[in-house]
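FYI, side chains are in, hydrogens and waters are out, and symmetry mates aren't considered; it's all heavy atoms of this structure. One is the number of the first residue; the rest follow in order along the sequence. A quick note: this is a predicted structure, and the numbers were derived from the prediction, not measured.
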Amino acid sequence: MTIEGGVLVIHCADPRYQGAFHDFLRRDLNLEHYALVAVPGGPQFLTTAEYLPKFAWTGWRWMKFLGKLSPVSRVVLIAHDDCRWYYEMRLFQGAVPKQKQVEDLHQVASACKERFESAKVECWFARLEGGRATFESV
């Protein structure tokens, strides 16, 4: 078993966004096959070494495992507006939630570049507006 094309996608498991995420990946990024990790908060779980070390340890083990299936050539990280995980975990403490989410995306992107040296890493932020999702590169 291999990751076709070596693409790894990490996004939030929020059901409000699932259809939009999959449409974006297929239509806008032209991805048909990829390894997917969808958990509450999306890529944020890879930033939690200080206060939730078991989350980060498990997450990076998953990434290592997926990297063994096939060399990772591309990593797509997606966060979204009104992420309830960030509110539940009180992860933005005084900062604007989007600002914290973008910081977390960049932190994970840097770590992915270290672990998957030849991979292209992309960070995206999604927002639902009038029932339609928009995505911006951040």
For the student: nearest non-hydrogen atoms of [X] and [Y], plus distance:
| X | Y | value |
| --- | --- | --- |
| Phe24 | Ile78 | CD2-CD1, 4.2 Å |
| Trp85 | Pro40 | CE3-CB, 3.6 Å |
| Ala119 | Arg74 | CB-N, 4.0 Å |
| Phe21 | Cys12 | CE1-O, 3.5 Å |
| Asp81 | Tyr17 | O-OH, 3.3 Å |
| Pro97 | Tyr87 | CG-OH, 3.5 Å |

| message | So, using side-chain hydrogen bond (donor to acceptor under 3.5 Å, both in side chains) as the criterion, who are the partners of Arg16 when residues are at least two apart? | response |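 Once residues adjacent in sequence are excluded, the partners of Arg16 under the side-chain hydrogen bond (donor to acceptor under 3.5 Å, both in side chains) criterion are Asp14, Asp82.
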Is there side-chain contact between [X] and [Y], with at least one heavy-atom pair below 4.5 Å?
| X | Y | value |
| --- | --- | --- |
| Val76 | Leu31 | yes |
| Val37 | Val9 | no |
| Arg115 | Lys64 | no |
| Val7 | Leu29 | no |
| His80 | Trp124 | no |
| Ser137 | Glu122 | no |
| Leu66 | Leu69 | yes |
| Thr47 | Glu103 | no |

| Under 4.5 Å between side-chain heavy atoms, hopping through other hydrophobics if needed: is there a path connecting Trp57 to Leu8? |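 Looking at the clustering, Leu8 is in a separate group from Trp57.
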| query | Between Phe65 and Val75, is there a shared hydrophobic cluster once you connect ILVMFWY residues whose side-chain heavy atoms come closer than 4.5 Å? | reply |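 Same cluster: Phe65 reaches Val75 through Ile, Leu, Val, Met, Phe, Trp or Tyr contacts under 4.5 Å.
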| said: Whether Lys98 engages the ring of Phe125 as a cation-pi pair (distance to the six-membered ring centre under 6.0 angstrom, angle to the ring normal within 45°) should be assessed. | reply: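 Positive - Lys98 is close enough to the ring of Phe125 and near enough to its axis.
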| Got a donor-acceptor contact below 3.5 angstrom from the Gln44 side chain to the Gln101 backbone? |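 No, because the side chain of Gln44 does not come within donor-acceptor range (under 3.5 Å) of the backbone of Gln101.
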| message | Does atom CD (Glu129) have a neighbourhood of more than 12 heavy atoms from anything else shown, all under 6.0 Å? | response |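 Counting other residues, nucleotides and ligands, CD of Glu129 exceeds 12 neighbours.
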| Heavy atoms from other residues, nucleotides or ligands near CD of Glu136 exceed 12 (cutoff 6.0 Å) |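 Atom CD in Glu136 is crowded, with more than 12 foreign heavy atoms closer than 6.0 Å.
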| said: Looking only at the aromatic ring of each residue, does the gap between the centers of Phe55 and Phe45 stay below 6.0 angstrom? | reply: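 Judged by ring-centre distance (under 6.0 Å), Phe45 and Phe55 do not meet the cut-off.
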| said: Asp104 vs Tyr86, test: side-chain contact (heavy atoms from CB on, under 4.5 Å). Steps then yes/no. | reply: CA-CA 11 Å; Asp104 287 349; Tyr86 273 78; 2.7 Å; yes
| message | Angle between ring planes, Tyr34 versus His22, binned at 30° and 60°: parallel, tilted or perpendicular? | response |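 If you compare the ring of Tyr34 with that of His22, the planes turn out parallel.
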| request: In sequence, state the C-alpha distance, the side-chain angles, and the governing distance for Arg26 and Glu32, and then conclude on side-chain contact (heavy atoms from CB on, under 4.5 Å). | output: CA-CA 6 Å; Arg26 285 193 180 94; Glu32 288 297 321; 4.3 Å; yes
| field | CD1 on Ile10 to CG on Leu36, rounded to 0.5 Å | value |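 Answer for the CG-CD1 pair, Leu36 versus Ile10, is 9.0 Å.
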